[in-house]
Structure formats: C-alpha cells, structure tokens
Amino acid sequence: MIQVQNLRKQFGPKVAVNGVSFTVEKGEVLGFLGPNGAGKSTSMRMITGFIPPTEGSIKVGTYDMLENPIPAKQLIGYLPENAPSYPDMTVSGFLGFAAEMRGLSGDAKKKAVNRVLEMCFLENVQHQSVETLSKGYRHRTCFAQSIIHDPEVLILDEPTDGLDPNQKHEVRGLIKKMGESKAIIFSTHILEEVEAVCSRAIIIDRGTIVANGTPRDLKMRSEQAGAITVKFVDGEASAARGKVGSVQGVDRVSVISERPLTLRAFPKKNAGSDDVARAIADMAFKEHLPLQGLHVEEGRLDEVFRSITLPDNKAKEETK
Amino acid sequence: MKSTLTIAKRELLGYFASPVAFVFIVIFLLLAGFFTFMVAGFFERGEANLAAFFSWHPWLYLFLVPAVGMRMWSEERRLGTIELLLTMPVTPWQAIVGKFLASWVVVSVALVLTFPVVITVNYLGNPDNGVIFAGYLGSMLMAGSYLAISAMTSAMTRNQVVSFILAVVISLFLILAGFPPVTNLLTSWAPTWLVEGVAAFSVMTHFESIQKGVLDSRDVLYFLSVIAFSLFTTSVIIRAHRAG
Ligand SMILES: Nc1ncnc2c1ncn2[C@@H]1O[C@H](COP(=O)(O)OP(=O)(O)OP(=O)(O)O)[C@@H](O)[C@H]1O
Ligand SMILES: [Mg+2]
C-alpha cells in the first residue's frame with residue numbers, strides 16, 4: 001500500500017531524512033521509532049504529501065504522491081504531530097468538515113461523524129468547542145478526523161501522546177484492530193506500545209533507518225536476549241557462579257544481585273538457550289541448590305534502542 | 001469545486017464564530033456613515049449621487065480589510081492546521097480560493113448593509129442608479145484586491161500583526177500611486193508617461209473611473225489581475241514554505 005523509496009529531505013544545509021526506503025502492506029502496522037529530531041515527522045509529512053521530498057519517490061496504493069497527489073491523499077488518514085484542529089469549531093462541526101472534505105455528505109456524513117464520535121469516546125463533548133477541550137480530548141478529536149473516511153492507509157504521528165493510561169490502552173486496541181485491514185504507520189516514543197501493537201518496527205536515527213524488523217527480531221539484537229536468569233532461594237554468590245559457569249554451553253556468568261541471589265548466564269554462540277536452561281536446572285537439582293526461578297530473557301527493546309541510537313556508540317563504530 | 005465551497009463555508013463559520021466579522025461590519029458601517037455624513041457633508045452637497053460615500057472607501061478599506069484578511073493563512077500556520085488542510089484531498093489553489101471567497105463574502109455583507117444610503121439618496125432626489133451600482137461593483141472589486149493582498153502577506157508569516165502591517169503598506173502604496181496630491185508632486189519633476197504609468201498601477205485611478213459610472217473593462221480587468229496575481233503569489237509562497 002505504501003512504497004517509499006530513497007526518501008531524502010534537506011532543509012537548507014541540514015539533512016533531516018537521508019535515503020529512507022520501506023514498504024507497508026495492508027494488514028501491517030509499522031512502528032516508527034527514533035530519538036527526537038531523527039526525522040520521523042518529516043518522513044510522515046512527505047508520505048502524506050504535505051512537504052515535497054528533496055529526492056525519492058512515494059507511492060500510496062497505485063498513485064504516486066508527487067504526480068497524482070489528490071487520489072493518493074484520498075486514501076490516507078493523517079494525524080499530524082501535536083494534533084492540530086480549528087479551535088473555534090465544535091467537535092462535531094470539525095468532524096463534519098473533515099467528512100465533507102473527504103467527499104462525504106448528507107446521511108453518509110452524519111453516519112461517519114457518529115461512528116468516529118463513538119470510536120474515540122467523544123460523544124459527550126461533541127457540542128463543545130475544540131478550544132475548551134482538554135489536551136487529551138483535543139488529541140482524540142484530531143485522531144477521529146483521521147479515520148472519518150475509513151481510509152486504507154493511516155499515518156499517525158504519536159497518536160497516544162497526551163492520553164491517559166486508559167485512553168492509551170483504547171487507542172492501541174483500536175490501532176491494532178484497524179491494522180488487520182489497513183496499512184498503518186505510527187510513530188511513538190513508548191516502546192511497550194511497539195511490542196503491543198506493531199507487526200514491524202523501524203528505528204530511524206539522524207535521518208537513516210538503522211533497524212527494521214519485527215519487535216521480536218529487534219529484541220533479539222539485545223545483548224541480554226537469550227541469556228538465562230537464575231534465581232536461587234539462598235546460597236553464596238561466588239560458589240553458585242562457579243557451578244553455573246561450569247555447566248555445558250555456558251559462556252560466562254554475571255551476578256545480578258546477592259540477595260536474593262540472582263545470576264545471569266550467557267550461553268555460548270552455538271548453544272541453544274533452552275538447552276542450556278535445562279542443563280542449569282539439572283545441575284541445580286543435583287547439587288541441591290533450590291531454585292526460585294529460571295527463565296530465558298527475550299531481550300529488551302529499550303536496550304536495543306539505546307545501543308543503536310546512542311551517539312557515542314555511533315562515534316565508536318565510526319572510528320573502528 | 002466542492003472542496004473549495006466546503007473550505008469557504010468553514011472559513012465563513014470561523015469569521016462569524018469569532019467576533020472578526022461582526023466587528024468589521026459594525027466598524028465599517030459606523031465609519032462609512034461618519035465620513036459620508038459628517039466629514040464629506042453628504043446633505044450639504046445637495047447632489048443626487050453617492051460620490052461622498054464612495055470616495056472614502058479606499059481609505060476605509062486600507063485598515064479594515066487587512067484586519068479581516070490577516071488571519072487567513074498565518075492563523076493556519078500558527079495552529080498547524082495547514083498541515084491538516086493540505087494533506088486532505090484538495091489542491092492548494094482550491095484552499096486559497098475558498099478562503100479568499102469567504103473573506104470576500106464578509107466584506108461584501110458589510111457593503112450590502114450600506115443599502116440605507118442608496119434608499120436615502122433615491123428618496124431625496126433622482127440619482128443615476130446605474131452609476132451607484134457601478135460604484136458598488138468597483139468598491140467590491142477594490143475590497144477583493146486588498147483581501148487578495150492580505151491573503152498573500154498572511155501566507156508569508158505566522159504572525160498576524162506582521163501580516164496586517166505588510167498588507168497595509170502594500171495597499172497604501174497602491175492607493176498613493178494614483179492619489180492626486182502624490183501624482184501632482186511627481187508631475188513637477190517626472191515625465192508625464194512615468195507618472196501615468198505609475199498611476200495605472202493604482203487602485204485610486206481605476207476605482208475613480210468606475211465610480212463615474214463608466215464600466216471600462218480595463219478597470220475591471222485591473223482589479224481582477226491584482227486579485228489573480230496576489231492569489232498566485234500566495235500559492236507560490238505556500239509552496240516555497242512547504243518545500244522548506
Ligand atoms: N521546516 C523545517 N526547517 C528546518 N529544519 C527542520 C524543519 N522541520 C524539521 N526540521 C529538522 O529536521 C529534523 C527532523 O525533525 P523531525 O520533526 O522529523 O523529528 P522527529 O523524529 O519527528 O522528532 P520528535 O521525536 O522530536 O518528534 C530536526 O533536526 C528538525 O530540526
Ligand atoms: Mg516528530
């Protein structure tokens with residue numbers, strides 16, 4: 001549904017986006033991650049046709065955004081960063097305007113407005129003017145605007161920004177559900193959101209894509225991924241460490257905490273984590289070291305995010 | 001076309017939801033009445049025409065029209081709604097025209113509400129209503145030109161005050177280029193062709209000739225080209241701004 005090729009955007013001497021390419025198909029929810037100023041919003045503005053790219057091509061559905069913007073834009077629903085809306089309009093007036101701009105009128109328009117009022121829990125403020133709404137409600141109003149025409153493509157720039165935890169949960173649910181039948185790109189700084197909602201995630205840093213994969217794949221890049229955390233009922237750190245370290249397939253062991261005694265065993269490159277975990281359990285049983293817990297780490301997205309996008313890390317790589 | 005009207009409708013609602021439209025209409029009517037009857041001495045003249053009424057319009061519009069138009073695009077930029085508007089399936093041109101038309105309607109409503117002065121002059125004497133109609137048409141075209149200029153300056157900045165001042169300065173220039181005290185000053189040292197050439201750019205020259213009741217297509221064309229040129233420049237500015 002969305003094909004982005006070699007997208008580049010330069011503001012004066014500053015390169016905001018530098019050679020970004022990816023595709024999103026129907027039924028996919030793509031998470032857009034990256035530190036502040038990485039170029040997420042700029043990329044989204046180019047995909048939605050708000051700003052022209054310096055270089056590169058954008059295809060939405062079968063339409064080229066640069067050559068045929070009107071039908072391409074008709075396919076897209078867009079929630080811009082900071083969720084702008086017209087403060088002097090009422091919520092339903094604003095949504096009615098959005099519906100009309102999308103070519104809906106009469107009954108179809110009324111239906112569309114009522115549908116999104118309900119979906120975004122805006123019914124009790126529908127006659128209130130936008131400027132008197134709280135930030136979260138304003139955000140939801142703009143979100144409602146983006147789905148008014150039930151678009152095939154949804155581009156959401158930080159859709160859960162400023163929402164309370166309940167609403168965050170609702171909106172995530174909504175995105176996930178809509179993702180079954182639409183192509184969705186959304187950006188966020190909340191990493192759990194990516195795990196909860198996305199089928200794929202892209203990490204972008206200083207204008208370039210530095211990682212692209214399922215949340216699971218990305219987590220596997222974590223240093224911790226595949227390590228085995230062992231928690232003992234009691235025992236002495238160095239002794240336990242030596243015993244775990246001598247188990248077949250264990251590369252090295254680090255002590256996480258002394259009390260309660262918790263160790264982390266990193267398996268050797270070619271050893272499967274599950275096998276090593278079983279071997280450790282067998283050893284503990286034989287050695288009469290009562291275990292309180294034992295599990296294989298999945299890896300953590302925030303760790304991956306940091307290791308990929310941290311400036312000094314990058315600098316180190318470059319000097320190598 | 002439909003999108004243009006939808007945008008115009010929203011804009012109109014905006015003008016009437018905020019006090020802008022009402023303030024403009026009331027102040028315009030008050031000032032028009034004051035200048036016509038108190039300053040220009042409409043009754044004392046004893047003429048059955050509206051020259052006393054129309055002659056103030058270029059000056060009244062100079063400050064009031066940019067006040068209506070100053071928010072047109074600067075507000076949109078300040079609020080970030082321009083991003084919403086221009087990612088909807090419309091061309092920038094449709095949006096520009098829609099917004100412009102809405103502001104023109106506001107000014108025209110004020111102009112139409114001066115109808116009592118037409119009734120008065122018809123009650124008191126036997127005016128040439130064709131000339132009066134031409135005067136109204138000229139006034140409306142002139143207001144449209146000022147509005148288009150305001151649209152252009154409001155696209156340049158997100159600050160409404162800057163947008164207002166720029167519009168006033170450009171409009172003032174268009175008035176002064178054909179304002180007799182200024183042209184007289186010029187004739188003392190500049191060649192006639194130059195003075196006339198400059199005056200041809202002035203709203204004053206064209207407005208006055210329409211007011212006399214001669215609907216010359218050149219005068220109408222002048223106002224239409226000011227509008228078209230300003231709106232075209234608006235689209236160029238908006239495109240340049242988006243391109244970064
Ligand atoms: N109109 C503009 N003119 C000049 N520079 C710009 C413009 N818009 C964006 N930039 C620059 O481009 C870079 C990318 O900005 P962008 O808004 O895309 O970041 P982001 O990834 O969305 O960040 P955040 O997480 O803070 O929202 C920034 O360095 C920003 O300063
Ligand atoms: Mg952003």
Side-chain angles (χ1 to χ4, degrees), chain A residues 9-12 14 16-17 41-42 44-54 63 65 68-90 93-94 96-105 109 129-131 141-142 145-146 148-149 151 155 157, chain B residues 1-23 68 70-99 102-103 106 155 158 160 235-244:
Chain A
K9 181 73 197 180
Q10 214 164 331
F11 293 108
K14 185 174 171 64
V17 175
S41 299
T42 305
M44 289 181 158
R45 288 190 182 119
M46 289 191 279
I47 297 167
T48 53
F50 179 59
I51 57 177
T54 311
Y63 306 106
M65 180 53 84
N68 217 347
I70 301 295
K73 285 175 180 176
Q74 184 67 40
L75 292 178
I76 302 179
Y78 178 39
L79 169 67
E81 197 170 28
N82 301 325
S85 51
Y86 294 105
D88 48 20
M89 299 183 100
T90 63
F94 176 64
F97 165 69
E100 270 182 54
M101 292 297 289
R102 301 296 185 168
L104 301 169
S105 59
K109 172 184 146 187
S129 79
V130 171
E131 64 192 330
T141 305
C142 197
Q145 163 278 137
S146 71
I148 191 108
H149 53 305
I155 311 235
D157 203 345
Chain B
M1 188 59 205
K2 202 165 155 285
S3 318
T4 309
L5 290 182
T6 306
I7 290 171
K9 200 173 82 187
R10 200 217 71 75
E11 282 290 304
L12 263 182
L13 283 175
Y15 279 116
F16 284 98
S18 72
V20 175
F22 289 111
V23 169
V68 171
M70 67 184 183
R71 63 195 278 280
M72 217 183 288
W73 286 99
S74 48
E75 178 90 338
E76 204 87 33
R77 274 179 60 178
R78 193 176 60 82
L79 293 171
T81 43
I82 188 170
E83 192 167 346
L84 215 53
L85 187 64
L86 295 182
T87 51
M88 286 176 172
V90 289
T91 61
W93 190 244
Q94 287 172 316
I96 288 168
V97 172
K99 279 171 155 289
S103 66
V106 172
R158 63 178 63 213
Q160 295 193 10
S235 76
V236 171
I237 293 169
I238 289 174
R239 188 173 332 130
H241 170 65
R242 285 159 75 194

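By convention in this document, chain letters (A, B, ...) are assigned in the order of the sequence lines, proteins followed by strands, and residues within each chain are numbered from 1. These numbers come from a predicted model, not from an experiment.
- Contact annotation for S85(A): only backbone heavy atoms (N, CA, C, O) come within less than 4.5 Å of a heavy atom of chain B.
- Rounding to the nearest 0.5 angstrom, the gap separating the CD atom in E75(B) from the OH atom in Y86(A) is 9.5 Å.
- Of all heavy-atom pairs between L85(B) and M101(A), the closest is CD1-CE, 4.4 Å.
- No side-chain donor-acceptor contact under 3.5 Å links K9(B) to the backbone of F97(A).
- Of all heavy-atom pairs spanning P89(B) and R102(A), the tightest one is CD-NH1, 3.2 Å.
- Contact of the L79(B) side chain with the P84(A) side chain is not registered, since no non-hydrogen atoms from C-beta on lie closer than 4.5 Å.
- Between R10(B) and M89(A), the shortest heavy-atom contact is CG-CE, 3.2 Å.
- Considering all non-hydrogen atoms of both residues, I70(A) and T91(B) come closest at CD1-N, 3.7 Å.
- Contact annotation for E76(B): only side-chain heavy atoms (C-beta onward) come within less than 4.5 Å of a heavy atom of chain A.
- Between chain A and the options A243(B), S18(B), S3(B), heavy-atom pairs under 4.5 Å are most frequent for A243(B).
- Heavy atoms closer than 4.5 Å to chain A are found in both the backbone and the side chain of T6(B).
- Rounded to the nearest 0.5 Å, atoms CD1 (I51(A)) and OG1 (T87(B)) are 11.5 Å apart.
- Looking at A17(B), the atoms closer than 4.5 Å to chain A (heavy atoms on both sides) all sit in the side chain, from C-beta outward.
- Neither the backbone nor the side chain of N82(A) comes within less than 4.5 Å of any heavy atom in chain B.
- With a threshold of 4.5 angstrom between heavy atoms, A98(A) approaches chain B through its backbone and through its side chain.
- Under the 4.5 Å side-chain criterion, counting only non-hydrogen atoms from C-beta, L84(B) is in contact with C142(A).
- Interface remark: of the candidates Q145(A), M46(A), H149(A), Q145(A) forms the most heavy-atom pairs closer than 4.5 Å to chain B.
- Counting heavy atoms from C-beta on, the side chains of M44(A) and E83(B) never come closer than 4.5 Å.
- Residue Y63(A) qualifies as open at atom OH: its count of foreign heavy atoms under 6.0 Å is 12 or below.
- Minimum heavy-atom separation, R242(B) to G49(A): NH2-O, 2.9 Å.
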